[in-house]
Trainee: 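This is the structure I want to talk about, given as structure tokens.
So that the names make sense, note that chain A is the first sequence line, chain B the second, and so on, each numbered from 1.
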Number of protein chains: 2
Amino acid sequence: MSSEELRVKSAGTMFDVVDAIKELDEPTVTNIAEHIGVPKSTAHDHLTTLTDLDLAVADADGYRIGARFLEYGGYARENMPVFRVARPVVKRLATETGEHANLGMEEHGLAVFLYKSKGEDAVTIDTHSGMRVPVHTTAMGKAILAHHSREYVEAIVGEHGLPRINENTITDRETLYEEFERIRERGYATDDGERVDGMRCVAAPIFDENDDVLAAVSVSGPASRMHDDRLKNDLPQRVKSAANVIEVNLKYS
Amino acid sequence: MSSEELRVKSAGTMFDVVDAIKELDEPTVTNIAEHIGVPKSTAHDHLTTLTDLDLAVADADGYRIGARFLEYGGYARENMPVFRVARPVVKRLATETGEHANLGMEEHGLAVFLYKSKGEDAVTIDTHSGMRVPVHTTAMGKAILAHHSREYVEAIVGEHGLPRINENTITDRETLYEEFERIRERGYATDDGERVDGMRCVAAPIFDENDDVLAAVSVSGPASRMHDDRLKNDLPQRVKSAANVIEVNLKYS
DNA sequence: TCTGGCGTTGGGTAATACCGAATGATTAAT
DNA sequence: ATTAATCATTCGGTATTACCCAACGCCAGA
């Protein structure tokens, strides 16, 4: 997990513990110790430390992640200019389309959901704000990567690869680069069930004043409602327009 | 800052660094080192580690908190049963009142905003989800504390005190306990500009099946609109009803 | 070219993260 | 009531490392 050589090594095990809490769902000390392969006492050391720092909480059934992470997360988000500006626009996009509208960015080679707004008809969906997914499996991620240099993309692919999530995932480098070209031509990206079966998304990139891509907005919904015409005409127009509004507002903020 | 004796001491300095990033707004290595009183090299060690772990990002102007915190925060929130159930109810409360509606809980002696929904007329407000504030300065915090044992409250006050935020803050133990009694009688708590001048809030506690208090819902708005009648009749009723709906839904989930 | 401020690197050492083993605490089973 | 089993917790030794100092390299601006 934390195989890389970290300068402060204990931080690696500490976040192995945090990840274990996340993955195991209300685990006990012993559970965690076994999961990450350390003695109980070590896990205990880290868990008490995390608890003292308000980063974990010992509940009746086991440990859970502390609300202090919410504070840091909220702060991280609130301090991104693009988030402040984009939030109302994304919200409106959700209202207008009735589907889920999202704001996302790329960080450390992963696509991060910064904000999600739920439209009237939106189906339940597995994403939540803060969630991180492989870039190549989302319309947002592809919209962003398409506007980065080839070296930039290669570095990410080199580190994370192109893992297959389901049968529609693009796992071939060349196919991906061809898709990027189409995305640049059309000005928007799509995801046709490439991460979640039956879900289709449309995304448009957001640029800063130097034409560097900052983030992306997207709309996602079930294939039953996201028929071809809507996916290729109405929604791209709306999503691109939303991205444009965000860009303009960014310039004057 | 991290004066307590931690089992994993380096975690203390690590989160001193994280807090420094938060407080200083895009600081450099040197800024951070000075702020927390360690050599540059130490700050650098922690910052590179944080960056390797995706917990911090080196931007053009300096460091900022990484989006991985968003992931943990989102996860912490999504895994609280009360949050899932309460979200739609709080959203509706915001729509109906036109003001800000909030969901909050107490953790480690601080009030945590879990969710905030913005009504039509809502003014800009300094809170954001994940934010933590002294319990005694919010209606939500008081609604929760009023239904805890005296020892529980004493422990919190002993650790955090009753810091004065503005001229309306309750800083006297006895005054606070008297207010708690009133809160228990009426079934709701108020905040009359005790944290932010000119802001008034109404909050109601949410109980679990054992009548232990879990969280609280609140509505907050500018004093100009939150006149006495609304503050003491209409809103308490709405907030209490919302809390009740959440309680019922919690039982069957 | 020089100077000042920055981030970065490397290595020594005092401090500690990690571990094994023993001890409590709790619950279930006999 | 007694035992057994499983959990969290405590404690102290030691190999490891977090921390620091000092030196270096880099870039602007003078």
Trainee: Which comes earlier along DNA chain D counting from the 5' end, the contact point of A:Lys9 or that of A:Tyr63, where each point is its nearest nucleotide?
Mentor: A:Tyr63

Trainee: Rounded to the Å, how far apart are A:Leu47 CG and C:dC18 P?
Mentor: 12 Å

Trainee: I want to check something: taking the side chain as every heavy atom from C-beta on, are A:Val245 and A:Val248 in contact at a cut-off of under 4.5 Å?
Mentor: no

Trainee: Over how many whole Å does the gap from B:Ile32 atom CD1 to D:dC20 atom P extend?
Mentor: 15 Å

Trainee: Tell me, please, whether A:Tyr115 has A:Arg77 positioned over its six-membered ring: NZ or CZ under 6.0 Å from the ring centre and within 45 degrees of its axis?
Mentor: no

Trainee: Return the value, rounded to whole Å, for the distance between atom NE2 of B:His46 and atom P of D:dC20.
Mentor: 8 Å

Trainee: Check whether any side-chain nitrogen or oxygen of B:His44 sits under 4.0 Å from OP1 or OP2 of C:dG7, and answer yes or no.
Mentor: no

Trainee: Go through the N and O atoms of the side chain of A:Ser41 and the base of C:dG20, and report whether any donor-acceptor pair is under 3.5 Å.
Mentor: yes

Trainee: Ignoring the backbone of B:Asp45, work out which of C:dT8, D:dA18, D:dC20 is nearest its side chain.
Mentor: D:dC20

Trainee: When we call it a touch if two heavy atoms are under 4.0 Å apart, what does A:Thr48 touch: a base, just sugar-phosphate, or nothing?
Mentor: nothing

Trainee: Starting at atom CE of A:Met14, determine the distance to atom P of C:dA17, rounded to an integer number of angstrom.
Mentor: 9 Å

Trainee: More 5' along DNA chain C: B:Val8 or B:Asn31, using each one's nearest nucleotide?
Mentor: B:Asn31

Trainee: Please give, in whole Å, the distance from C:dT16 P to B:Leu6 CG?
Mentor: 11 Å

Trainee: Examine A:Phe113 together with A:His128 and report whether their ring centres are nearer than 6.0 Å.
Mentor: no

Trainee: Please check this pair: side chain of B:Arg84 against backbone of B:Glu78, looking for a donor-acceptor N/O pair closer than 3.5 Å.
Mentor: yes

Trainee: Does the base of D:dA8 carry an N or O that pairs as donor and acceptor with the side chain of A:Lys40 under 3.5 Å?
Mentor: yes

Trainee: Does the A:Arg68 side chain pair with the main chain of A:Leu53, one donor and one acceptor, at a distance under 3.5 Å?
Mentor: yes

Trainee: Output the rounded distance in Å from CD1 (A:Ile36) to C1' (C:dC18).
Mentor: 12 Å

Trainee: Would you kindly compare A:Arg7 and A:Ser10 by the position of their nearest DNA chain C nucleotide and give the one closer to the 5′ end?
Mentor: A:Arg7

Trainee: Just N and O in the side chain of A:Thr42: are any of them under 4.0 Å from OP1 or OP2 of C:dC19?
Mentor: yes

